[in-house]
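Written out below as structure tokens is the structure these notes cover.
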Amino acid sequence: MREELIIAGFGGQGIMFTGTLLSQAAMMEGKFVTYFPSYGAEVRGGTAHCSVTIADTSIGSPVITHPDSLLILNKPSLGRFGPRLKKGGLLVLNSTLIEDETSIGGGQVVRLPATDIAEKIGQITVANIVALGKYLALRKIVSQESVGQALEVLLAKKKKELIEVNKKALLAGYEYK
Amino acid sequence: MREELIIAGFGGQGIMFTGTLLSQAAMMEGKFVTYFPSYGAEVRGGTAHCSVTIADTSIGSPVITHPDSLLILNKPSLGRFGPRLKKGGLLVLNSTLIEDETSIGGGQVVRLPATDIAEKIGQITVANIVALGKYLALRKIVSQESVGQALEVLLAKKKKELIEVNKKALLAGYEYK
Amino acid sequence: MKKLFGKPESLTTVNHKYCPGCGHGIVHRLIAEVIDELGVREKTIGIAPVGCAVFAYDYWNFDVTEASHGRPPAVATGIKRVLPDRVVFTYQGDGDLAAIGMAETIHAANRGENITVIFINNAIYGMTTGQMAPTSLLGMKTTTTPFGREAKIAGYPIKVSELLVTLEGTTYLARGAVDSAKHVLEAKKAIKKAFEIQLSGKGYSLVEILSQCPPNWKMSVPESLEYVRKEMMTQFPLGVIKDKTGMTV
Amino acid sequence: MKKLFGKPESLTTVNHKYCPGCGHGIVHRLIAEVIDELGVREKTIGIAPVGCAVFAYDYWNFDVTEASHGRPPAVATGIKRVLPDRVVFTYQGDGDLAAIGMAETIHAANRGENITVIFINNAIYGMTTGQMAPTSLLGMKTTTTPFGREAKIAGYPIKVSELLVTLEGTTYLARGAVDSAKHVLEAKKAIKKAFEIQLSGKGYSLVEILSQCPPNWKMSVPESLEYVRKEMMTQFPLGVIKDKTGMTV
Amino acid sequence: MPKIIIAQSKCKGCELCILACSKKNIRLSQKMNKKGFHYVEIIDPDNCNACGLCFQVCPEVAIEIWK
Amino acid sequence: MPKIIIAQSKCKGCELCILACSKKNIRLSQKMNKKGFHYVEIIDPDNCNACGLCFQVCPEVAIEIWK
Amino acid sequence: MKQLMKGSAALGEGAIQAGGGAYFGYPITPQNELTEYMSRRMLEERRVFIQAESELAAINMVFGASVAGARAMTSSSSPGVSLKQEGISYMAGCELPGLIVNVQRGGPGLGNISGSQADYFQAVRGGGHGDYQVIVLTPASVQEMYEMPSMAFSLSEKYRTPALILTDGILAQMQEPMELVKINAARSGDQSWILDGCKGRAPRKIRSLLMEEGALEAHNRHLQKKYIEIKNKEQRYQLINEQAEIMLVAYGVSARVCYTAVQEANRKGLKVGLLRPITVWPFPEKIIQELVPQVKAFLVIELSAGQMVEDVNLAVNGKTPVYFYGRAGGACVTPEEVIKEIGKI
Amino acid sequence: MKQLMKGSAALGEGAIQAGGGAYFGYPITPQNELTEYMSRRMLEERRVFIQAESELAAINMVFGASVAGARAMTSSSSPGVSLKQEGISYMAGCELPGLIVNVQRGGPGLGNISGSQADYFQAVRGGGHGDYQVIVLTPASVQEMYEMPSMAFSLSEKYRTPALILTDGILAQMQEPMELVKINAARSGDQSWILDGCKGRAPRKIRSLLMEEGALEAHNRHLQKKYIEIKNKEQRYQLINEQAEIMLVAYGVSARVCYTAVQEANRKGLKVGLLRPITVWPFPEKIIQELVPQVKAFLVIELSAGQMVEDVNLAVNGKTPVYFYGRAGGACVTPEEVIKEIGKI
Ligand SMILES: Cc1ncc(C[n+]2csc(CCOP(=O)(O)OP(=O)(O)O)c2C)c(N)n1
Ligand SMILES: Cc1ncc(C[n+]2csc(CCOP(=O)(O)OP(=O)(O)O)c2C)c(N)n1
Ligand code: SF4
Ligand code: SF4
Ligand code: SF4
Ligand code: SF4
Ligand code: SF4
Ligand code: SF4
Ligand SMILES: [Mg+2]
Ligand SMILES: [Mg+2]
């Protein structure tokens, strides 16, 4: 097993957190994992993205050129990363912010209104986790439970109060049809 | 023909001028010549010396390890350069300032009281030229006339008044027995 | 209808990459307006720093060169001495001008180079995401002073304009801010004066502008304006610090 | 019989390489005497500069390190932070301290490093044989200002002690000279005070010493003393420039 | 009546103009532009006096005022 | 009577001590030391008051004074 | 227990665990997280942290802290490391230990902030002046980022010459599981040169200026002897598939790319292996010379226009073909590209 | 008419005759006479002279003067040149012409002030960061010191990359007869990048920061293409005794030593020749490769612990034995030593 995922959106949409969360969960499951952020430092504006590779065997470069999957939370990122998706790959889109209807050659395109769903949950900033839930439902790279545990680890120190709403978002995404 | 000469003494004894003068004369005679100063910069005190190589064919390195001749104007320089003299080489000493009586293995040692002679001429600072005169008398590397002309070239701009006394010193050294 | 306010010719149409509320964009425009008003766009050479304003060459519609971090004063010196009739200015952040570039700053000022320096003091390293700057206030939490800037460890905020006062080479030193329209207009006057001094060959001029950096200060834009007014202006009072020409702004 | 005057313990017996009349040798002795008097020879670490005093490590009878040209304040900072209970001082010329090392000088001062800086201002680059220094007086002929230092080209003589006054990190700034026995004794008092400030943990102290360089000034020794008194002291007045401790020398 | 044009695509919603406007005549829109920023809009064009304060503080030079 | 010792080998003949001595009690020797400098000498040992002014200005620490 | 950690933080923690007593840095992307990490942790540990006014000041503070006996370090990225070259030459000349970290980014000039490997020559050929060497170590995982400072400090002290960890923006920014294993913090080598006040001993001097006739030449001979000893004793590397016919040679992040390429090539039945230098100075030339008879070709992979390939060429000395593939300017080579290059041989 | 001239003065006058418009220097032995010469002559010629506050400032003033279109230069000696490395990398990245002179002295660290050749690697392998090259010229006589600035400026402008004259304390300090021949001062190459105000044209920008995806890689490809062109077209050397069996390889002052050694060896009937690289980057590898079949051994002579010998090794690639003899730390090799080394082969 080897999954290369790029997560992309605006800065502020929790892109890096999503990637770290997934990586933490993968590590807790004993998998090999690398996480690589795009560093916005020295560039203001534009999109943020990160690359997560999860595998059964040790991983070489953390840099992903042609991802197996894409988690795209805003429109500019679709233009930037869409064309890079591996043939037959999976594209999960936040349809609240992306009206785009074009299909990706051969691949699976899944649209979910992540921001709307997050708003309904009462915390617009968890749209990323909603999208992650959907992605995990489609690619069972790591279990929902592991992500839940990872959430507890990562938020334990400073943001304990956010654990529940994030779990809710994860579930909402996971179960979104 | 190839002559390698080191001239050494205290800073202030006109060591560099003596070397340049000889080089200028050699050049005016159409010879190949290199002049290389020891740069006292970044070292205060100690001795000053310079290296002059004169030859019929083009000259490689201007650095002299074992000179054919030495022109030594003070005592510390004798200790430093004496041992380097080529076997059978010529050593001209300023006996006013160097009481040393040791001979140089196999070589020719010539002592002249250059400072005393210079004082008599009325310009203590031309002891260097006195010594040069003696040296030239012994090794006819360049002619006395060329050195005279070189003096005119070098002193023409700023120290015209010194040409005569320098010429006198040169002659005094040349003719010293 | 007449256009009362709009993009000056000396700005390109390229969009800034600055964060929302950042003062850099305002000062870029002020410089462009001054250059337009003085009619010197075609003889101006700007020097962009290494800092958030590193892309300034894309935003100004005149000749601009990059300079290595901290060295704009040296680069400006090289340009101005070769082309003394051109208008040459540097645009520098507090890290660029007062940390790594302190020696070049002092010496260009001391030589009285006939250049203009626009100095953006936002008390932080913006581009590298929020480290302490030489001008960071005591107690300020930055990514390299996680417990707040402490004088014993990290020294005091440097008052650059005051530091340069003792140098005979400096002709004009002033400090402004861009936290409000009023201050923006005052800052523009100071910038204009600085360029005029250069045009009349009177020597070195520097305008320091207190500027907000909301994200690295970890503040909202309104909070950052308050910080400029309450904290920054206390440490770095606005006004003309030196004016050898005797004229007031 | 008692020895009234003689070589202090903190000097070695190695002969100086300085030119006749040079002030460096006098200041070396003053430092050594002060260190002896304070009883700190065995816990002192000196930093020799790149300049005529580069061989100072041979002359002082305590631990001494070299530093690259201009960087003694940074080296001193490294040592003092690691060994805060040792006595750490730099010894620097005007080229070292005020030209290439200006940024390090300002920043160590601004951090209020608890070190002592002995600054030899001889208005020239001695070691490299007589080029202009940042402190060379206007009109002064040096090997790089053959027509005399002209402000338009080469800027103004920098008053280092005055420049540092505005920095909050500086505790004690004083200027002395070694042109006469009287001034030598005053200079010693200032040096002693500077070391005492360090010993009591009060922060950064700098003593600037006007010093003659007869050969590079192209003067006899007496002429050079006159130059110090007439020209140097006019531009660089003697006295305490700043004293945060409030005590007078 | 002055004409005030705010380039939505340039605006980053920093609200500096809102704080600057003496007429309190600018507000944040509910809508986002392509860059993901809520841009600002004039509340009442007739209430604008073309004072230019909003222009002065706008870091994006997103505002143009005609009269 | 104070004893004043001037190390000839160290002296560089800079004359600073000569200028400093209130008693005008130091002069340049006609002789040179090994380094090529005319060193200084005390004119009249009895005339020295051990004030140490000469010591203070000597860059070579060539002077020692006992009493 | 494993934990996710950023490469730069791992390096910082590794230096702290190794007894790093003094850190001096200046911000520059992509090494900021290291400076930031140290700004918190060093103070927590009551050790010395200073954000210097410049890279120049930082390396000279390291000089001072090292003189005073601390395990001292600095870190920067390419342009900032260029500014340290004079200081590094001084440290080598004065025989001072110390650690410099270069988180390489794209160049030349301001370049960009992506990971790169284009400062190899600067590191191993002495970007500063004079004949000197620093020991250059190259981690290839977050775990190694954590463990390498200890190795660097102790080699540096043992041989009294600065050590440099040559890494890049990718390794510094990435996170992967790693373990905070126990680190050896014992100081190694003679310490009788440290300046801490001459109590009970003769004063000591630290200097690189040697003006007496022949002194600097003698010092250089001493240095060269030391360098030869290091060359003989300290060549380190990792070898994957010793029996390979095509041997990739790569360090740091490009070794990771090659690792994936080797796996895939092997799957296809190709006899491809990987030699990963861990020290690039001393360069592991002995193993290369040993491999020469069996290897049909070396393929050197770098994120540069080709620098380490020269060391491979010098070691191989014409006896086997040496190929190169690289991408300069902050671009990263992919495993696919490596496989394609293997195909071309 | 011949005249005696110091190497450093000759270089300075040569730069002035070549139209050098701006000089920025900082004192350091043994190049002080060059700065001093320029301080007088540039003002006499009403050109720009500044004694900068440091070597760092000086190289960045050169950057500025070059941006403004002047033939700009700086000079220093080893430690000072180390401080210029960041600036040189920027100039290469921005494709700016300009001249840097390194009057090499003994290192590492403060070292001493004797002539040396230990900064070769720094010059030809890019002591700064990133993949870049500067054109490196090596004079071997006072006459060449005078003539080389013109060559340096024009190559530098033609290819828009900095040029470096790599000389040493011996050549700079020595005097020998030379002739003030007429120098070509014509500016070469395209000038449409100069910043002098955008009157009548679109504004221009000078930068080395390329953040857009792929831009820096493309820029590096462009630079490498240019470097390859220079390598192909600009290798310069002097060859004495083409038919020699033992070929000495040396540049600058050590080439002069070798010249004497060759004369003596030939007198003794030994078939010894000398290849003197005039450009050391690009290194004259083509002629070495041509010589390989006929030469029994190369003997490289340097005033260093062995740096250029690597370039000879890379060019020879194991096909002929390459020997090295050198002296580091400011000591000078003698013709006798060279002859002894020849004897050992
Ligand atoms: C030699 C060097 N050191 C460090 C950096 C990294 N760097 C880029 S911008 C910057 C500081 C920016 O701060 P400032 O000058 O205050 O500008 P701001 O971004 O705040 O406007 C630094 C340290 C660099 N590019 N080069
Ligand atoms: C990086 C570097 N630049 C330049 C030099 C050459 N240098 C040696 S000493 C010196 C200046 C000396 O002047 P100053 O600091 O005033 O000391 P002084 O000799 O006058 O006492 C210079 C420029 C050097 N050694 N290293
Ligand atoms: S980081 Fe600060 S200075 Fe930089 S663009 Fe953002 S607000 Fe402006
Ligand atoms: S050159 Fe000047 S500073 Fe240097 S030793 Fe001589 S007198 Fe003193
Ligand atoms: S021009 Fe004045 S009144 Fe009109 S919107 Fe702007 S600030 Fe408000
Ligand atoms: S000031 Fe400009 S960028 Fe900010 S909200 Fe107003 S229009 Fe938008
Ligand atoms: S001690 Fe006083 S009186 Fe005696 S020689 Fe010295 S200065 Fe003169
Ligand atoms: S002051 Fe010292 S060195 Fe100078 S003349 Fe007197 S004894 Fe000699
Ligand atoms: Mg800033
Ligand atoms: Mg000085």
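Letters A, B, ... are given to chains in the order of the sequence lines, protein chains preceding strands, and every chain is numbered from 1. Quick caveat: nothing in here was measured; it's all calculated off a predicted structure.
- Distance NZ/K159(C) to CG/N110(D): 11.5 Å, rounded to 0.5 Å.
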Quiz item: I153(C) and R81(D): side chain to side chain contact (heavy atoms under 4.5 Å, CB included), yes or no, with the steps?
Solution: CA-CA 9 Å; I153(C) 294 171; R81(D) 294 284 182 119; 4.1 Å; yes
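- The candidate with the highest count of non-hydrogen atom pairs below 4.5 Å against chain D, out of E168(C), E113(C), E104(C), E162(C), is E168(C).
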Quiz item: Can you list the steps and then say if M102(D) with T105(C) is a side chain to side chain contact (heavy atoms under 4.5 Å, CB included)?
Solution: CA-CA 10 Å; M102(D) 181 56 99; T105(C) 294; over 6 Å; no
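- For the pair H107(C) and A98(D), the tightest heavy-atom approach, listed with the atom from each and the gap, is NE2-O, 2.7 Å.
- When every heavy atom of A103(D) is checked against every heavy atom of A99(C), the shortest pair comes out as CB-O, 4.4 Å.
- For L167(D), the part lying near chain C is the side chain, with the backbone staying farther off; criterion is any non-hydrogen pair under 4.5 Å.
- Residue L164(D) does not touch chain C at all, counting heavy-atom pairs closer than 4.5 Å.
- Looking at A109(D), there are no atoms closer than 4.5 Å to chain C (heavy atoms on both sides), in backbone or side chain.
- Screening L163(D), V160(D), I158(D) against T166(C) for a side-chain contact (heavy atoms from CB on, under 4.5 Å) leaves a single residue, L163(D).
- Environment of NZ in K242(C): crowded, with over 12 heavy atoms of neighbouring residues, nucleotides or ligands closer than 6.0 Å.
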